[in-house]
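Just below is one structure, and these are the notes that go with it.
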Amino acid sequence: MAPVQRTVIENCAVTTVDADDTEYPTGHVVVAGNRIEAVGPGAAPQGLEGVTRRIDASGHLVTPGLVNTHHHFYQWITRGLATDHNLFDWLVALYPVWARIDEPMLHAAAQGSLAMMARGGATTAMDHHYVYPRGSGDLSGAVIRAARETGVRFTLARGSMDRGESAGGLPPDFAVETLDGALAATEAAIDAHHDPSFDAMTQVAVAPCSPFSVSTELLSQGAELARRRGVRLHTHGSETVEEEKFCHELFGMGPTDYFESTGWLGEDVWMAHCVHMNDSDIAAFARTRTGVAHCPSSNARLAAGIARVPDMLAAGVPVGLGVDGTASNESGELHTELRNALLINRLGAHREKALNARQALRLGTYGGAQVLGRAAQIGSLEPGKLADLVLWRLDTLAHASIADPVTALVFGAAAPVTLSLVNGVPVVENGRLLHVDEDAVARSTRDAAQRLARIAAQG
């Protein structure tokens, strides 16, 4: 058996985000293979065998890699459109464009989305892809291929829609699937791509899109499918006041009660946004351990409102951070969400007591791992966990005068990534991606955006 190869990172600040929020002003992390072997204060232990790389990380902070819990990769090629719309008007404006997407365009868009996140410190990504036009190719495969090429850990939330315009939904009819077709295709994605192992790089979740684009049957049967196959469930919930009105008018109840009636509350479920939640909604999520993907930038972009994140956390609701689709968050960068989660929540009822820097970092790391059902493997720097970590440079002009490294990371400008490891493998070094050519990705995404715009203009 080949000896285990070790990477030693030392002389840096260490923020573990473990249960005790352990931090070391100067410490070390030892990676052995794809696992974290040691974390502690001071220099790394002497006499380690198989050390292939030793990094003097003076002036840096090491944290767990960021975990993105909600995204729509395909939107990378429709950025900058419908910039002054609320959610429903934005969807109506863009669904006819999105419905023309095909496999090559989606692969390019996924590469762009993944590249931006990885370069900014995300080591685990997810994509909620729910637009499957007939004859568009292997869209799930295109997204998973892009994630493997980039080198990040990945969850495909295989989405679906079966409520088109003729049935009172928002998407055009030609962009939706049948109930049976959506369920069959979702199960086929699980068969082809889901890996339940501890160090899985690819997992699949069942993810009907939203109450206003799917039937009650798709929600309830989707939940049954997920639990029969032992995978997680994801959807959009309580994003806008318009959604709440829609649910009351169509189902005679609010979104949370509707989701509970269809089997969509539970510790294997996480929902995006959850902006308009009352006390009983939050209590239901806490009671059932239903998770939330908080997307502060997108919520602001679409004027959806301020989610009650401090109240959710106080009640015990698992909360992670999400970029959301880049047609409603043009930067596509998860570090932005650390800062915006903190700042936007301070505009709410709790004001300056809403969130602090360490709570924001926990949302973006361990909280995200909880929401994706992977807190035993990732989300904190602890021996035995997978080696997904980021080394942030904090000794440049942007951060050097801020004494506390976590404050510098969260409150400050986006920090340069000196090293990002996923499963122990370098993915980013000195701010550049190692496995894909950023310039080539930029060109392909521009070409795909222009092609999609031409096709959509032709109707």
Nearest heavy-atom neighbours spanning [X] and [Y]:
| X | Y | answer |
| --- | --- | --- |
| Pro318 | Thr290 | CD-O, 3.6 Å |
| Tyr95 | Cys209 | OH-SG, 4.3 Å |
| Trp264 | Val206 | CH2-O, 3.7 Å |
| Phe285 | Gly291 | CE2-O, 4.1 Å |
| Arg301 | Glu330 | NH2-OE2, 2.6 Å |
| Ser331 | Thr336 | OG-OG1, 3.8 Å |

Between [X] and [Y], is any pair of side-chain heavy atoms under 4.5 Å apart?
| X | Y | value |
| --- | --- | --- |
| Pro133 | Leu139 | yes |
| Arg158 | His194 | no |
| Glu243 | Ser210 | no |
| Leu219 | Tyr258 | yes |
| Phe154 | Asp127 | yes |
| Trp90 | Leu302 | yes |
| Arg229 | Asp191 | yes |
| Thr123 | Leu421 | no |

Got a donor-acceptor contact below 3.5 angstrom from the [X] side chain to the [Y] backbone?
| X | Y | result |
| --- | --- | --- |
| Thr124 | Val67 | no |
| Arg308 | Ala349 | no |
| Glu260 | Leu265 | no |
| Asn329 | Val323 | yes |
| Glu177 | Asp162 | no |
| His234 | Gly159 | no |
| Arg100 | Pro96 | yes |
| Arg362 | Asp18 | yes |
| Glu187 | Ala184 | no |
| His248 | Leu250 | no |

Exercise. Is Asp21 paired with Arg358 through a side-chain N to carboxylate O contact shorter than 4.0 Å?
Worked result: no
Problem set entry | Ionic contact status for Arg35 with Asp199, cut-off 4.0 Å | no
Measure the spacing between [atom1] of [X] and [atom2] of [Y] and express it to the nearest 0.5 Å.
| X | Y | atom1 | atom2 | value |
| --- | --- | --- | --- | --- |
| Met201 | Thr155 | CE | OG1 | 10.5 Å |
| Lys385 | Ile378 | NZ | CD1 | 8.0 Å |
| Leu338 | Leu361 | CG | CG | 6.0 Å |
| Phe212 | Met161 | CZ | CE | 10.0 Å |
| Glu217 | Arg163 | CD | CZ | 8.5 Å |
| Glu337 | Cys295 | CD | SG | 7.0 Å |

Please check if any side-chain donor atom of [X] sits under 3.5 Å from a side-chain acceptor atom of [Y], or the reverse.
| X | Y | value |
| --- | --- | --- |
| Tyr132 | Ser140 | yes |
| Thr178 | Asp180 | no |
| Thr22 | Asp20 | no |
| His72 | His70 | yes |

For this session: Test Val390 against every option in Val417, Val428, Leu61 by the side-chain contact (heavy atoms from CB on, under 4.5 Å) rule and name the one that passes.
Result: Val417
Problem set entry | Any residue meeting side-chain contact (heavy atoms from CB on, under 4.5 Å) with Ala99, in chain and number order, not counting sequence neighbours | Pro172, Phe174, Ala175
Exercise. With a cut-off of 6.0 Å (strictly less than), are more than 12 heavy atoms of other residues, nucleotides or ligands near CD of Glu267?
Worked result: no
For this session: Please test His335 against Leu409 for side-chain contact (heavy atoms from CB on, under 4.5 Å), starting from the C-alpha separation and ending with a verdict.
Result: CA-CA 9 Å; His335 176 269; Leu409 179 67; 4.0 Å; yes
For this session: Could you please spell out the steps behind the side-chain contact (heavy atoms from CB on, under 4.5 Å) verdict for Thr16 and Ser380?
Result: CA-CA 5 Å; Thr16 67; Ser380 60; 5.7 Å; no
Exercise. Pick one: which of Asn340, Asn345, Asp324, Thr69 meets side-chain hydrogen bond (donor to acceptor under 3.5 Å, both in side chains) with His294?
Worked result: Asn345
Problem set entry | Residues Arg232, Arg374; criterion side-chain contact (heavy atoms from CB on, under 4.5 Å); working and verdict | CA-CA 11 Å; Arg232 296 182 73 74; Arg374 304 207 66 177; over 6 Å; no
Problem set entry | side-chain contact (heavy atoms from CB on, under 4.5 Å) between Glu244 and Val241, worked out | CA-CA 5 Å; Glu244 180 150 2; Val241 291; 5.5 Å; no
